[in-house]
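To start, the structure under review is shown below, and the notes come after it.
Atom set for the values below is all heavy atoms of this structure, side chains included, hydrogens, waters and symmetry mates excluded. Lettering follows sequence order; numbering is per chain, from 1.
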Amino acid sequence: LAVQGLTITDEELVARSQGGDVDSFNQLVKRWERPIYALAYRTLGREDDARDVCQDTFFRAYRALKGFKGEAKFSSWLYRIALNLCRDFMRRQRRTPTVQLPEDTDIAELAAAGGPVESIESLVARRELGLAAERAMATLPEEQRTAIVLKEYHGLTFQEIADMQGCPLSTVKTRLYQGLSVVRRQLEEGGMSVADIRGDAS
Amino acid sequence: MSTRFTCDDTETLVAYLYDEADPDTRAAVARHLVECARCRGEVTALGGVRHALAQWTPPAPPLRFSLGQADLPSAESAAADNLVRPRVAAWQAVPVWAQVAAATLAVAVGAALANVQVRHDAEGWTVSTGWMAPAATPPTASQPWRQELAALEQALRSEMTVRQAAAPVAASERAPAAAGTGPAVGAVQSRFRHAAPR
């Protein structure tokens, strides 16, 4: 392509897609399907539901693309579509996320992915920590959970979260604080000393 | 210098935790943390919570979604026609149980709606209507708009369901614009009108 070597921006791909270039849109899909899937998974807690929501997000985005005027980042726009779909989904199912424990994940596999430096003990500990966090997150009210997910895993600013959740900045901070505090309490009740967890390693 | 932090200011604490506090505020919190063991403990604990959260990785199934393969033709033509045809995608989003339910209903409604019949057999999708001349046979397997027919069929099913729920429809009803005729029925009719001269 003309811009070989340079990353084509989302905005350029959006413009091409709006001009009818489906390949460009599929590049956007490729670029964003992982984050959107992860967002849906962490919101809904089930792989198959997350897949459905993720797929539907891109279908809807494609159909609505002509209406996207670029007033927000493309990714924010996608996140918003995905979160709305998640909300609809939960409303339909009338349930909060269930924690679906992945049984087929092999520790040896994780070890290979984690690189040679990490010990099995530390891997197991990390995995337990992650599962405990997942379980605790599943108990949070939707707004708190979403705020934490957008902050922790997608790096949105307080302001971006406020825009997405349609609430004041201060509410976002309150949701984050309350959510983190609940997770903290649950980790502690599960026998983990959160004060001793060191984040410096990673 | 003038910025002060007090223990109950959780909003500022969160801003500090996520490094979104302005430099003055940040310095104020840092000063406070030196003196206040309780707040220091809280920041450490919340940092630990954040680290725990960072260990939560979602599964990574193969995704490879694309508006390609089955979806691309209709998406392309939708873009070309500047025409939104959401049925194809919406159909694929319908859960299997709902598709089965729709199929069951379609069979039940088939008798009441003798003028529209949709079948799926070895030949592919077949749409036959009471108002259709026998000569206007459905498309054969190689024709590209079979997909569209499949989408229309789905739309028809949902319309039939609605119609069945609303009121029994006279079987002799023919005009596409007649009351109770949904857009998909109209679309089928116009499709065959276009197809007839071939």
Side-chain angles (χ1 to χ4, degrees), chain A residues 19-23 25-26 29-30 33-34 37-38 41-42 47 50-52 54-56 58-60 62-63 66 102 105 126-134 136-137 148 151-153 157-158 169-170 173-174 176-178 180-181 183-184 187-188 192-199 201-202, chain B residues 8-21 40-69 71-96:
Chain A
D21 179 8
V22 187
D23 288 343
F25 189 77
N26 279 330
V29 174
K30 204 174 167 198
E33 63 182 5
R34 280 286 153 206
Y37 171 81
Y41 178 81
R42 289 195 173 102
E47 285 189 58
R51 279 183 69 97
D52 288 350
C54 182
Q55 192 160 14
D56 207 13
F58 289 107
F59 278 131
R60 279 167 197 252
Y62 188 75
R63 277 184 246 140
K66 287 231 187 309
T105 318
R126 279 211 301 153
R127 191 171 148 66
E128 272 174 17
L129 209 50
L131 287 174
E134 178 171 4
M137 285 285 283
I148 291 182
K151 190 71 193 151
E152 290 290 343
Y153 306 104
T157 62
F158 294 148
L169 209 65
S170 60
K173 293 183 205 169
T174 306
L176 287 168
Y177 181 77
Q178 289 173 345
L180 289 178
S181 299
V183 174
R184 172 190 178 179
L187 291 178
E188 285 172 345
M192 299 187 187
S193 168
V194 286
D196 293 336
I197 300 170
R198 287 278 172 267
S202 56
Chain B
D8 56 352
D9 188 356
T10 53
E11 284 183 28
T12 301
L13 200 70
V14 165
Y16 177 83
L17 191 69
Y18 285 106
D19 205 11
E20 273 201 50
R40 203 160 58 236
E42 171 133 54
V43 167
T44 309
L46 293 182
V49 170
R50 290 196 61 197
H51 178 67
L53 288 171
Q55 308 312 311
W56 175 21
T57 35
L63 294 175
R64 310 226 352 105
F65 296 139
S66 68
L67 284 126
Q69 281 74 39
D71 310 303
L72 264 181
S74 73
E76 259 169 1
S77 55
D81 303 344
N82 192 16
L83 197 158
V84 180
R85 245 173 264 164
R87 286 292 165 202
V88 174
W91 179 23
Q92 285 163 351
V94 172
V96 172

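- Of the atoms belonging to A:R34, heavy atoms from both backbone and side chain fall under 4.5 Å from chain B.
- When heavy atoms are compared at a cutoff of 4.5 Å, A:L187 approaches chain B solely by way of its side chain, counted from C-beta outward.
- Comparing A:C54, A:A38, A:A132 by heavy-atom pairs within less than 4.5 Å of chain B, the highest count is held by A:C54.
- Of the atoms belonging to B:L53, heavy atoms from both backbone and side chain fall under 4.5 Å from chain A.
- Between B:H51 and A:L129 the shortest heavy-atom distance is CD2-CD2, 4.0 Å.
- In terms of the side chain to side chain contact (heavy atoms under 4.5 Å, CB included) criterion, residue partners of A:R51 (sequence neighbours excluded) are, by chain and number, A:Y37, B:P61, B:L63, B:F65.
- Contacts of A:E128 classified as salt bridge (charged side-chain N to carboxylate O under 4.0 Å, His left out), with partners at least two apart in sequence or in another chain: none.
- The pair A:R42-A:E152 fails the salt-bridge criterion, with no side-chain N (NZ, NE, NH1 or NH2) lying under 4.0 Å from an Asp/Glu carboxylate O.
- A donor-acceptor distance shorter than 3.5 angstrom exists from the side chain of B:D9 to the backbone of B:T12, with no hydrogens or angles considered.
- Within the 4.5 angstrom heavy-atom criterion, no atom of A:S193 approaches chain B.
- At a 4.5 Å heavy-atom cutoff, A:L169 makes no contact with chain B through either its backbone or its side chain.
- Between the side chain of B:E20 and the backbone N or O of B:Y16, no donor-acceptor pair lies under 3.5 Å.
- Looking at A:F25, only its side chain comes within 4.5 Å of chain B, counting heavy atoms on both sides.
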